[in-house]
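Basis for what follows: all heavy atoms, side chains included, without hydrogens, waters or symmetry-related copies. In this text, all values refer to a predicted model and were calculated from it rather than measured experimentally.
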Amino acid sequence: SLFVQNRSAARRCSEIRRFEELIDMNLFACRIASLRHEAGLTQKELAQRCCVTSQAVSKWEHGISCPDILILDELADALHVSLQHLLAGR
């Protein structure tokens with residue numbers, strides 16, 4: 001139903017806000033770019049592995065937006081790091 005969809009969307013927005021509050025977005029953006037370079041991937045290749053556009057990857061790397069919380073595992077796998085390393089640099 002529409003109510004359930006709106007509630008789900010609100011919960012997801014809340015999760016994204018908490019994610020953004022927990023990490024330094026500029027540091028996270030630099031980490032994504034650095035890990036992508038270390039993995040030898042182009043923005044387009046990383047985008048394909050995460051089922052997003054290369055423009056989305058560019059926005060992540062410039063701190064304009066952050067990856068959807070639902071694809072963080074895929075992003076970590078594509079960059080050959082643990083989710084903890086991706087998020088916290090450890």
K.L.:
Please report the closest heavy-atom contact between I32 and W60, naming both atoms and the distance.
P.N.:
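Closest approach of I32 to W60, heavy atoms only: CD1-CB, 3.9 Å.
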
K.L.:
How would you list, by chain and number, every residue that makes a side-chain hydrogen bond (donor to acceptor under 3.5 Å, both in side chains) with Q43, sequence neighbours excluded?
P.N.:
E61

K.L.:
Kindly write out the residues that satisfy side-chain hydrogen bond (donor to acceptor under 3.5 Å, both in side chains) with E74, not counting sequence neighbours, or none if the list is empty.
P.N.:
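Checked E74 against side-chain hydrogen bond (donor to acceptor under 3.5 Å, both in side chains); zero matches.
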
K.L.:
Could you list the residues that satisfy salt bridge (charged side-chain N to carboxylate O under 4.0 Å, His left out) with R49, not counting sequence neighbours?
P.N.:
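Checked R49 against salt bridge (charged side-chain N to carboxylate O under 4.0 Å, His left out); zero matches.
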
K.L.:
Just to verify, which of L72, L79, D77, L75 counts as forming a side chain to side chain contact (heavy atoms under 4.5 Å, CB included) with C50?
P.N.:
L75

K.L.:
Determine whether V81 and I69 fall in the same hydrophobic cluster, where Ile, Leu, Val, Met, Phe, Trp and Tyr are linked whenever their side-chain heavy atoms lie under 4.5 Å apart.
P.N.:
yes

K.L.:
So which heavy atom on L41 is nearest to which on R36, and how close?
P.N.:
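L41 and R36 have their closest heavy atoms at O-NH1, 2.9 Å.
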
K.L.:
Under the rule for side-chain hydrogen bond (donor to acceptor under 3.5 Å, both in side chains), what residues qualify as partners of S34, not counting sequence neighbours?
P.N.:
E38

K.L.:
Rounded to the nearest 0.5 Å, what separates atom OG1 in T53 from atom CD in Q48?
P.N.:
11.0 Å

K.L.:
More than 12 non-hydrogen atoms from neighbouring residues, nucleotides or ligands closer than 6.0 Å to NE2 on H62, yes or no?
P.N.:
no

K.L.:
Do you know which two heavy atoms are closest between A29 and G63, and how far apart they sit?
P.N.:
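Smallest heavy-atom distance, with atoms named: CB-N, 3.5 Å.
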
K.L.:
What pairs of residues pass the salt bridge (Lys or Arg N to Asp or Glu O under 4.0 Å) test when at least one of them lies in residues 39-48, not counting sequence neighbours?
P.N.:
none

K.L.:
Does A47 have any side-chain contact (heavy atoms from CB on, under 4.5 Å) partners at least two apart in sequence or in another chain, and if so, which?
P.N.:
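Result, side-chain contact (heavy atoms from CB on, under 4.5 Å) vs A47: V52, S54, V57.
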
K.L.:
When hydrophobic residues are tied together by side-chain contacts of less than 4.5 Å, even through go-betweens, does L27 share a cluster with L87?
P.N.:
no

